[in-house]
Amino acid sequence: LALLKDGQPEIRAQAARILGDALGYKDASHDGLIALLSDPEPRVRVRAAEALGRLGDKQATRPILEMLVENEDRDAIVRHSGVVALARIGDVAMLARMTGSRSKAARLASLLALRRLASTEAAKYLGDPIPSIVTEAALAIYEAPIDAALPKLAALEIKPEFKKNEPLLRRVIAANERVGGSSAASALAAIGLDPMVPDLIRVEAFEALGNWTGTTNRDRINGLYRPLKARAAADAKSAVASIVPALL
C-alpha cells in the first residue's frame, strides 16, 4: 500500500496492478487506488482503473467516470481502461443514469461499458443529442448483440442528421429485418423512398423488404451465422403497395 504513494510513477503503477490483479486486496480501493485515478501520469491512472475493475467495488464507479470526464477522450488507452473497469464493476443503474451527463466522454464510456455487459439500458443512448453516440448505441445493440433492444433500434426516428450516416442506417435496416412485423416493413419502405438517403442504403432497404419471406442464415451486417425468424408476407404487402405509387 505504501508504494501507491511512491515518487516513481512506474512503482505506483505496478503497485496498483499487483494489489488489484495478483492480490485482489479489496481494502486497497479506499487506501489509495481511487486517489491514483487523478495521478498526473496516464499509465498510473490506467493501472489504477484496471485494479479497481478487478476488485469490483461499486464505490469506484463515479471516480472512474470522473477520470474519464477529465480525460475527454484524449487518451484512448485511458478511456479503454475506464470502460473495462466500469463493465467489470457492473453498476448498470449508474451507467444508465449517465445519459443525463453533460460530458460526452462520460456518456460514451458508460455506453461502451453497457455494451460489454449486453445490457438493454444501452438503448437509452439512442436518444443522445450527439449522432456519433447514437451510432455507437446502434453498434452496441446490433453487434453485442442485445436482442431485447432490437425493437428500439428498429423504431429509431431517422432524423435529418442521420440520413447520411451509413453505419447507423445499415443497422436500423438490419434491425427492422430481424424484428419483423408491419411497422418494420413500413420503416424499410420509408428508408428506401427517402431521396436524402444514399442510394446504396436505399437499395439495401428495398433488398431487405424484397427478401421478407425468404430465409437466410447469414447476418446482413457481419456475415455471422444468425438465422432470421419466419415473417408473414402480409406484413410486407402493404409496405410494397405504398412504394409503387411513390415510384410512379
Side-chain angles (χ1 to χ4, degrees), residues 4-5 8-17 20-21 28-30 32-119 121-144 146 156 159 161-162 164-168 171:
L4 293 175
K5 298 179 181 179
Q8 295 294 322
E10 188 61 19
I11 298 295
R12 298 196 299 275
Q14 293 301 325
R17 183 180 68 84
D21 290 0
S29 177
H30 299 288
L33 285 177
I34 288 178
L36 288 186
L37 292 173
S38 57
D39 194 277
E41 291 293 330
R43 181 171 172 80
V44 177
R45 298 200 295 275
V46 166
R47 293 301 189 191
E50 290 173 346
L52 288 163
R54 295 284 188 190
L55 296 175
D57 185 355
K58 286 191 175 183
Q59 293 186 47
T61 299
R62 185 170 290 280
I64 291 170
L65 286 167
E66 290 171 353
M67 176 192 77
L68 294 169
V69 170
E70 191 279 330
N71 182 58
E72 287 185 340
D73 292 328
R74 290 188 297 269
D75 189 318
I77 296 175
V78 170
R79 181 181 65 195
H80 178 69
S81 68
V83 167
V84 173
L86 290 171
R88 284 176 172 162
I89 292 169
D91 190 346
V92 172
M94 173 67 82
L95 297 175
R97 286 200 296 273
M98 285 298 105
T99 53
S101 172
R102 290 178 292 179
S103 167
K104 176 188 174 183
R107 299 200 308 277
L108 177 59
S110 298
L111 168 60
L112 294 175
L114 289 169
R115 172 177 177 158
R116 285 176 169 268
L117 293 166
S119 170
E121 295 291 345
K124 290 183 176 180
Y125 288 87
L126 290 172
D128 197 272
I130 297 180
S132 62
I133 293 183
V134 177
T135 303
E136 286 292 344
L139 289 167
I141 292 167
Y142 195 83
E143 295 174 29
I146 309 173
L156 180 69
K159 298 177 181 178
E161 60 266 32
F162 297 157
K164 301 297 182 183
N165 188 333
E166 292 192 18
L168 174 61
R171 283 153 185 84

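Just so we're clear, the structure is a prediction, and the values are computed from it rather than from any experiment.
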Which residues satisfy the side chain to side chain donor-acceptor pair (under 3.5 Å) test with Q14, sequence neighbours excluded? E10, R17

Set of side-chain contact (heavy atoms from CB on, under 4.5 Å) partners for T99, sequence neighbours left out: K124, Y125

Is any side-chain heavy atom of L86 less than 4.5 Å from a side-chain heavy atom of L112? no

Just jot down the side-chain contact (heavy atoms from CB on, under 4.5 Å) partners of A93, sequence neighbours excluded, or say none. D91, R97

Where is the tightest heavy-atom contact between A137 and L126, given as atom of each residue plus distance? CB-CD2, 3.8 Å

Below 4.0 angstrom, N of the basic side chain to O of the carboxylate: do D128 and R107 qualify? yes

Who passes side chain to side chain donor-acceptor pair (under 3.5 Å) against T135, sequence neighbours left out? N165

Among all residues two or more places apart in sequence or in another chain, which pass the side chain to side chain donor-acceptor pair (under 3.5 Å) test with R54? D21

Are V84 and E50 side-chain neighbours, meaning at least one heavy-atom pair lies under 4.5 Å? no

Atom pair CG (L65) and CG (L95), whose distance is rounded to the nearest 0.5 Å: 6.5 Å

Inter-residue atom distance R88.CZ - I64.CD1, 0.5 Å rounding: 11.0 Å

Please name all residues satisfying salt bridge (Lys or Arg N to Asp or Glu O under 4.0 Å) with R45, sequence neighbours left out, ordered by chain then number. none

Go through the structure and list residues passing side-chain contact (heavy atoms from CB on, under 4.5 Å) with R74, not counting sequence neighbours. E70, N71, E72

Suppose we screen for salt bridge (Lys or Arg N to Asp or Glu O under 4.0 Å). Which residues come up paired with D39, at least two apart in sequence or across chains? R12

Below 4.5 Å, heavy atoms only, C-beta onward: do V44 and L37 meet side chain to side chain? no

Minimal non-hydrogen separation, A85 against A49, with atom names: CB-O, 3.2 Å

Check salt bridge (Lys or Arg N to Asp or Glu O under 4.0 Å) between E66 and all other residues, then give those that pass, not counting sequence neighbours. none

Beyond-backbone contact of D57 with I89, side-chain heavy atoms, under 4.5 angstrom: no

Who pairs with D75 by salt bridge (Lys or Arg N to Asp or Glu O under 4.0 Å), at least two apart in sequence or on another chain? none

Heavy-atom pair of closest approach, residues M67 and G82: CE-CA, 4.1 Å

With rounding to the nearest 0.5 Å, note down the distance linking CZ in R171 to CD in E166. 11.0 Å

Look up atom CD1 in I130 and atom CD in E136, then write down how far apart they are to the nearest 0.5 Å. 12.0 Å

Is there side-chain contact between P42 and I77, with at least one heavy-atom pair below 4.5 Å? no

Could you pull out all residues at least two apart from R115 that satisfy side chain to side chain donor-acceptor pair (under 3.5 Å)? none

Counterpart residues, side-chain contact (heavy atoms from CB on, under 4.5 Å), relative to A16 (two or more places apart): L4, L33, L36, R47

Are I146 and S119 close enough, and set up right, to give a side-chain contact (heavy atoms from CB on, under 4.5 Å), and what steps lead you there? CA-CA 7 Å; I146 309 173; S119 170; 5.7 Å; no

Let me see the working for L168 and L139 under side-chain contact (heavy atoms from CB on, under 4.5 Å), right down to the final yes or no. CA-CA 8 Å; L168 174 61; L139 289 167; over 6 Å; no

Kindly say whether A106 contributes a backbone atom to a donor-acceptor pair with the side chain of S103 at under 3.5 angstrom? yes

Calculate, to the nearest 0.5 Å, the distance between atoms OG and CG belonging to S101 and L108 respectively. 11.5 Å

At their closest point, which heavy atom of A123 faces which heavy atom of I141, and how far apart are they? CA-CD1, 3.8 Å

